[in-house]
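What you see is a predicted model; the values in this text were computed from it and never measured. Letters A, B, ... mirror the listed sequences (proteins, then strands); counts begin at 1.
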Number of protein chains: 2
Amino acid sequence: MSETGDGPGRSSGGVAFLLAQLGAHAAALFAERIARLDLTPAQAGLLRMIAVTPGLSQQAYAKRLGTPPSRFVILVDAMQDRGLIERRPGQPDRRSYALHLTEAGQHLLRQLGAVGKAHDDDLCAALTLEERVTLRELLTRVAQQQNLTAGVHPGYRQPSDT
Amino acid sequence: MSETGDGPGRSSGGVAFLLAQLGAHAAALFAERIARLDLTPAQAGLLRMIAVTPGLSQQAYAKRLGTPPSRFVILVDAMQDRGLIERRPGQPDRRSYALHLTEAGQHLLRQLGAVGKAHDDDLCAALTLEERVTLRELLTRVAQQQNLTAGVHPGYRQPSDT
DNA sequence: TATTGTTATACTCTATAACTATA
DNA sequence: TATAGTTATAGAGTATAACAATA
């Protein structure tokens with residue numbers, strides 16, 4: 001209601017603020033939804049990443065996700081224990097493992113896709129179909145110009161307080 | 001590049017994913033910028049909140065920010081030590097303090113406004129002025145429909161891994 | 001007895017770095 | 001000697017709950 005001067009499209013927030021606010025909201029809502037599939041956002045991200053590019057080494061995935069190897073191991077452990085992914089012995093380098101989805105993992109991935117679609121629909125409930133296409137197009141352009149690689153986004157960093 | 005079916009405006013990400021990705025990016029970039037003013041996102045948020053609605057009690061602000069009182073105290077301490085805000089004895093309830101910006105705090109707030117504007121401009125570099133207005137309008141509608149109170153957004157929750 | 005602000009404590013999450021096994 | 005994966009440890013950040021002063 002009471003902001004500074006009106007630049008291009010300001011007055012009640014600014015695009016950056018709206019993006020941060022809606023981004024946090026979307027992420028929180030998504031986490032809530034996939035919790036019903038017993039998945040965390042990180043697990044869902046890895047599931048999708050392996051589906052898109054299977055057979056890489058753990059380090060390769062960890063690097064793409066921006067996760068340190070130590071953190072990545074427990075992520076893989078949990079998903080392997082649940083039978084969602086498997087570690088196949090590396091060829092020819094026996095130090096490394098190649099990660100692949102199991103049958104169960106592929107099944108869960110399909111469920112995840114449905115959940116993601118519903119999530120998207122809910123979030124865009126305020127928009128017409130045309131507006132929604134427009135929004136997606138604008139956001140895509142911004143993301144590209146900002147050099148954000150499609151497919152993965154970094155886990156939210158916690159802004160410190162002290 | 002390779003996604004499931006194309007619903008309304010899908011194919012390379014979906015609106016929700018783009019929002020989460022761009023939101024995290026915008027927040028990280030903003031944190032970086034205001035670090036030059038020696039401010040954390042939480043501090044910047046409080047500064048603005050006090051500017052908009054001065055004289056409330058600590059609990060009132062803490063509640064609005066969704067921060068537990070214990071966390072809020074150290075936030076206020078740091079900003080008071082820097083001379084940005086002051087605690088005035090509560091009237092008539094002497095248990096509470098009323099928070100206000102100091103002269104220095106108001107000065108920093110103006111700088112913060114300039115930084116925020118630059119941040120917004122950078123983020124929207126890919127868009128024309130018209131497109132930027134459109135984007136802001138669409139995001140505002142979505143935010144309203146999702147019941148997000150304008151002015152503050154919750155500190156990003158960390159999605160757990162294990 | 002309830003409430004404001006504060007301090008103390010315990011817990012979660014994360015990354016750095018030591019370790020092993022292959023190369 | 002260097003690298004993939006793993007484990008151990010320490011640090012930061014968070015919230016819960018005990019505490020003192022005022023109502």
Side-chain angles (χ1 to χ4, degrees), chain A residues 24 27-28 31 35 39-46 49-50 53-81 85-100 153-162, chain B residues 24 27-28 31 35 39-46 49-50 53-81 85-100 153-162:
Chain A
L39 281 177
T40 65
Q43 290 173 339
L46 180 57
M49 180 164 282
I50 296 179
T53 316
L56 299 184
S57 71
Q58 295 190 186
Q59 289 216 356
Y61 291 118
K63 191 174 181 182
R64 291 191 182 200
L65 287 168
T67 314
S70 62
R71 206 173 165 238
F72 191 74
V73 171
I74 59 178
L75 183 65
V76 173
D77 281 348
M79 295 177 71
Q80 188 183 35
D81 289 351
I85 65 180
E86 57 179 352
R87 291 188 236 233
R88 297 187 192 160
Q91 301 290 353
D93 190 336
R94 286 184 331 209
R95 284 176 304 183
S96 66
Y97 294 111
L99 301 186
H100 292 270
H153 67 86
Y156 287 76
R157 302 270 152 203
Q158 199 82 2
S160 67
D161 267 89
T162 46
Chain B
L39 280 177
T40 65
Q43 289 173 340
L46 180 57
M49 180 164 283
I50 297 178
T53 316
L56 299 184
S57 71
Q58 294 190 188
Q59 289 216 354
Y61 291 119
K63 190 173 179 181
R64 291 191 181 201
L65 287 168
T67 314
S70 61
R71 206 171 164 238
F72 191 75
V73 171
I74 59 180
L75 183 65
V76 172
D77 281 348
M79 295 178 69
Q80 188 183 35
D81 289 351
I85 65 180
E86 59 179 352
R87 290 189 238 236
R88 296 187 193 160
Q91 301 292 351
D93 190 335
R94 285 183 333 207
R95 283 177 304 184
S96 66
Y97 295 111
L99 300 187
H100 291 271
H153 68 85
Y156 286 75
R157 302 272 152 200
Q158 199 85 0
S160 68
D161 268 88
T162 49

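Going from atom CD of A/Q91 over to atom P of D/dA4 covers 17 Å, rounded to whole Å. Distance B/L75 CG to C/dG5 C1': 14 Å, rounded to the nearest Å. Rounded to a whole Å, the CG atom of A/D93 is 17 Å from the P atom of D/dA2. Atom CZ of B/R95 is separated from atom C1' of C/dT1 by 11 Å (rounded to the nearest Å). B/I74 has its CD1 atom 13 Å from the C1' atom of C/dA8, to the nearest Å. D/dT6 atom P lies 10 Å from atom CD of A/Q59, rounded to whole Å. In this structure, OH of A/Y61 is placed 11 Å from P of D/dG5, rounded to the nearest angstrom. D/dG5 atom P lies 9 Å from atom CZ of A/F72, rounded to whole Å.
Contact annotation: side chain of A/R94 to base of C/dT22, donor-acceptor pair absent below 3.5 Å. Donor-acceptor pairing under 3.5 Å, judged by distance alone, is absent between the side chain of B/R71 and the base of D/dT14. No donor-acceptor contact under 3.5 Å links the side chain of A/S70 to the base of C/dT14.
Map B/P69 and A/D77 each onto its nearest nucleotide of DNA chain D; the residue landing nearer the 5' end is A/D77.
The shortest distance between the side-chain N/O atoms of A/R87 and the OP1/OP2 oxygens of D/dT6 is below 4.0 Å. Within the 4.0 Å cut-off from OP1 or OP2 of C/dG5, not a single side-chain nitrogen or oxygen of B/Q58 is found.
Across all non-hydrogen atoms, the minimal contact from A/M79 to A/Q43 is CE-O, 3.6 Å. Nearest heavy-atom pair, B/Y61 versus B/G55, reported as atom, atom and distance to 0.1 Å: OH-N, 3.2 Å.
At most 12 heavy atoms of other shown residues, nucleotides or ligands fall within 6.0 angstrom of atom OH in B/Y97.
Put simply, CG on A/L39 and CG on A/L46 are 10.5 Å apart, with the number rounded to the nearest 0.5 Å.
The residue B/Y97 sits close only to the backbone: its heavy atoms come under 4.0 Å of sugar-phosphate atoms, none of a base. Using a 4.0 Å heavy-atom criterion, one finds that B/P92 contacts the sugar-phosphate atoms exclusively.
Which of C/dG5, D/dG5, D/dA23 sits closest to the side chain of B/S96 comes down to C/dG5.
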Kindly determine whether B/M49 and B/L56 satisfy side-chain contact (heavy atoms from CB on, under 4.5 Å), including the steps that lead there. CA-CA 10 Å; B/M49 180 164 283; B/L56 299 184; over 6 Å; no
